[in-house]
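Residue numbers begin at 1 in each chain, while the letters A, B, ... track the order of the sequences.
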Amino acid sequence: MPKVIYQSPDGARTEIDAPVGATVRNLALANGVDGIVGECGGELMCASCHVYVDEQFLERLPPVQEEEDEMLESTACERLSNSRLSCQIKMTDELDGLLVRLPEEQL
Amino acid sequence: MTPSTTQLPELDLDPYSPEFLADPYPYYAQLRDAGPVVWLTRYEHYVVARHAETKAVLDDWETFGSTRGFGLHDPEREPPLLDSPEYEPLARVPHMNTEAIRGLLDAVRPDPPEHDPIRRLFMRMLAPGLIRRSREQIVGAAQALVEKLVARGSFDAAAELADAFVLGVIGDLVGLPEQGREHIIAYGNMAMNTSGPRNEVYLESIEHAVDAVAWVDQVCTRDSLSPGPIGQLIFDAVDAGEIEEDMGNAFVRVFPTAAVDTTSSTITNAIYNLAVNPDQWALLRDDPSLARRAFQETMRFTQAIHPLYRTTTRDGELAGSELAAGIKMALFLGSANRDPRVFEDPDRFEIRRDATPQLGFGSGIHSCAGQTLARLEGEAVLTALSRRVARLELDGEPTPRRHNTLHTWAHLPVKVTGDAR
């Protein structure tokens, strides 16, 4: 099973086994990883599941679609070139070891 | 027309009866237990009351369309609402802008592709970033109002707190004139009551909205608005040629229609839930950062919107049941939100739980575009109360709001003991 690694702003890392198809947002909430709020339920309505994706994985992700792009303009912490909404990242075998850094704030 | 419903469980419930409206939860349980899809004999339509199927229906707009309205009324089988004799009182409104009202329906009902530019504009008007820029102002307004009311020791948390606060927030964001904002209450009351059958509350809501319709017609135009970030964005979109001027006016009306009653009802419900559950109030007092969760849990536990409808666009299948095209389907979000298949101990109000799967804001492409704003309004009021009030209690019996769609209190008298911390 692929793994996803969440890194909190203080550098602490949490590694989670990720069933293929599960989203990075849902995995965090299901496993009690702090730092992802995602209060809209994964509907691209709240921009509170913002993550910074480690550069080496960026190209393996599907491109940002228009609605995600608009929502990324609304993140609480600055949008960077590696910003994504974790509700839009579905785990695949190719993403094994995916490292996402969590922002200081989501709301 | 009755489709072949031999395999569907049938129930003869009336979701609009006074008993059902007063306490829907036993009926919700009955609907959930009857099966994943139920045939309601009285109104001859489908009902879905469990969480999984409710979400599936909301997420599949192609099979469960919205173009035939979110209410019981079916424009393909009945005359347009505004042409019905029940709307005769509105004929007294001088120069009523029926085009703008039809435009409003066009703004909220379509499915893709017509829906796409509309949804994009809504998302821009209500984007979390834009709302965040108003945060200080909204939090400040909540603190000031709570301060004033708490000093009195007792007040009506529905009318004087929830309604007054939300009217102020929405009025300022849109840029509506301060004078006359109370008309929005009667206007929204009509808009949502008329989602139900043509019963007494339905007819009363139209009768009571005559002045409000005239006021809304007058103020929901470019020239009447004062600068407010949302009103500005709407008419910027008109100037950029994204939407027509009439559609711009219709967009302004979405706010009195959909952004006031819904949020204020939820805030009222939250205060009621906290007043009658002192253990939960104590948790919030100890940790005001639970305010957002308390709001989300209120959406789950006492969902303000009663039924919401879709219409089947084609023959289909749901949870093993065959469905015929062209039939209304009632969704009870408040029932999905109490489904024991998803929520542990669903009939308990617990502000620490993660109620995120609750469907009160809908799901899929028609999910509530204003949810970030609504959550912020809820958070602002509950935080202000928790910081300022030690004891929160009912001060006599609250008065339920008689309403076809909204499940809340018209008057919620509360008694508070202040706290200077």
Side-chain angles (χ1 to χ4, degrees), chain A residues 6 8-9 14 16 19 21-52 64-81 83-90 102-107, chain B residues 51 54-55 58-59 61 112 115-117 119-135 139 289 291-297 299-300 333 336-337 342 353-376 378-380 383:
Chain A
Y6 300 87
S8 63
T14 310
I16 302 289
T23 68
V24 170
R25 168 201 175 275
N26 287 350
L27 285 164
L29 295 184
N31 290 285
V33 178
D34 284 340
I36 288 183
V37 178
E39 65 188 354
C40 81
E43 299 288 340
L44 273 178
M45 295 302 299
C46 71
S48 67
C49 65
H50 179 205
V51 294
Y52 300 112
V64 176
Q65 300 292 310
E66 189 181 338
E67 286 199 356
E68 182 184 351
D69 189 49
E70 285 214 17
M71 270 296 144
L72 281 166
E73 291 300 318
S74 280
T75 52
C77 285
E78 190 189 2
R79 177 183 185 173
L80 302 176
S81 58
S83 283
R84 293 297 301 256
L85 294 182
S86 59
C87 67
Q88 301 303 303
I89 306 176
K90 278 191 183 157
L102 303 170
E104 293 275 354
E105 276 185 310
Q106 292 284 12
L107 295 171
Chain B
H51 188 281
T54 303
K55 177 149 171 51
L58 289 169
D59 286 343
W61 59 268
H115 180 258
D116 298 343
R119 182 168 174 86
R120 271 201 294 279
L121 180 51
F122 271 120
M123 285 177 66
R124 199 187 312 153
M125 293 190 300
L126 291 159
L130 180 84
I131 302 305
R132 200 174 295 117
R133 285 196 285 284
S134 305
R135 183 180 181 95
V139 166
S289 76
R292 278 180 99 90
R293 282 202 170 209
F295 190 75
Q296 179 99 296
E297 171 66 349
M299 294 282 300
R300 183 196 74 78
L333 307 178
N337 287 350
V342 173
R353 82 161 79 220
D354 177 18
T356 308
Q358 67 87 16
L359 295 172
F361 286 117
S363 182
I365 64 161
H366 291 291
S367 60
C368 177
Q371 57 181 278
T372 301
L373 174 58
R375 289 181 206 279
L376 173 57
E379 178 195 347
T383 306

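Using a 4.5 Å cut-off between heavy atoms, B/Arg375 touches chain A through its side chain atoms alone. For a residue to count as touching a neighbouring chain, one of its non-hydrogen atoms must lie under 4.5 Å from one of that chain's; by this rule B/Pro357 does not touch chain A. For B/Arg135, no part lies under 4.5 angstrom from a heavy atom of chain A. Proximity to chain B is absent for every atom of A/Ser48, based on heavy atoms less than 4.5 angstrom apart. Of the two parts of A/Glu39, the backbone and the side chain both hold a non-hydrogen atom closer than 4.5 Å to a non-hydrogen atom of chain B. Residue B/Ala369 touches chain A through both its backbone and its side chain, counting heavy-atom pairs closer than 4.5 Å. Residue A/Leu107 touches chain B through both its backbone and its side chain, counting heavy-atom pairs closer than 4.5 Å. If you measure heavy-atom distances from B/Thr372 to chain A, the contacts under 4.5 Å come from the side chain alone.
Shown here is A/Asp34, whose CG atom has no more than 12 heavy atoms of other residues, nucleotides or ligands within 6.0 Å.
A/Leu44 is listed as a side-chain neighbour of A/Leu85, based on a closest heavy-atom distance under 4.5 Å. Side chains of A/His50 and A/Leu80 form no contact here, defined as non-hydrogen atoms less than 4.5 Å apart.
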**Prompt:** Do B/Arg124 and A/Glu73 pass the salt bridge (charged side-chain N to carboxylate O under 4.0 Å, His left out) test, and can you show the C-alpha distance, the side-chain angles, and the key distance before you say yes or no?
**Reply:** CA-CA 10 Å; B/Arg124 199 187 312 153; A/Glu73 291 300 318; over 6 Å; no
**Request:** Would you please test A/Val51 and A/Leu102 for side-chain contact (heavy atoms from CB on, under 4.5 Å) and show each step?
**Result:** CA-CA 5 Å; A/Val51 294; A/Leu102 303 170; 3.8 Å; yes
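The side-chain hydrogen bond (donor to acceptor under 3.5 Å, both in side chains) with B/Gln358 is formed by just one residue from the set B/Arg300, B/Gln296, B/Glu297, B/His51; it is B/Gln296.
Your options are A/Ala47, A/Cys40, A/Gly42, A/Gly41, and the one with the most heavy-atom pairs under 4.5 Å with chain B is A/Cys40.
Counting only distance, with no hydrogens or angles, the side chain of B/Ser367 and the backbone of B/Gly364 share a donor-acceptor pair below 3.5 Å.
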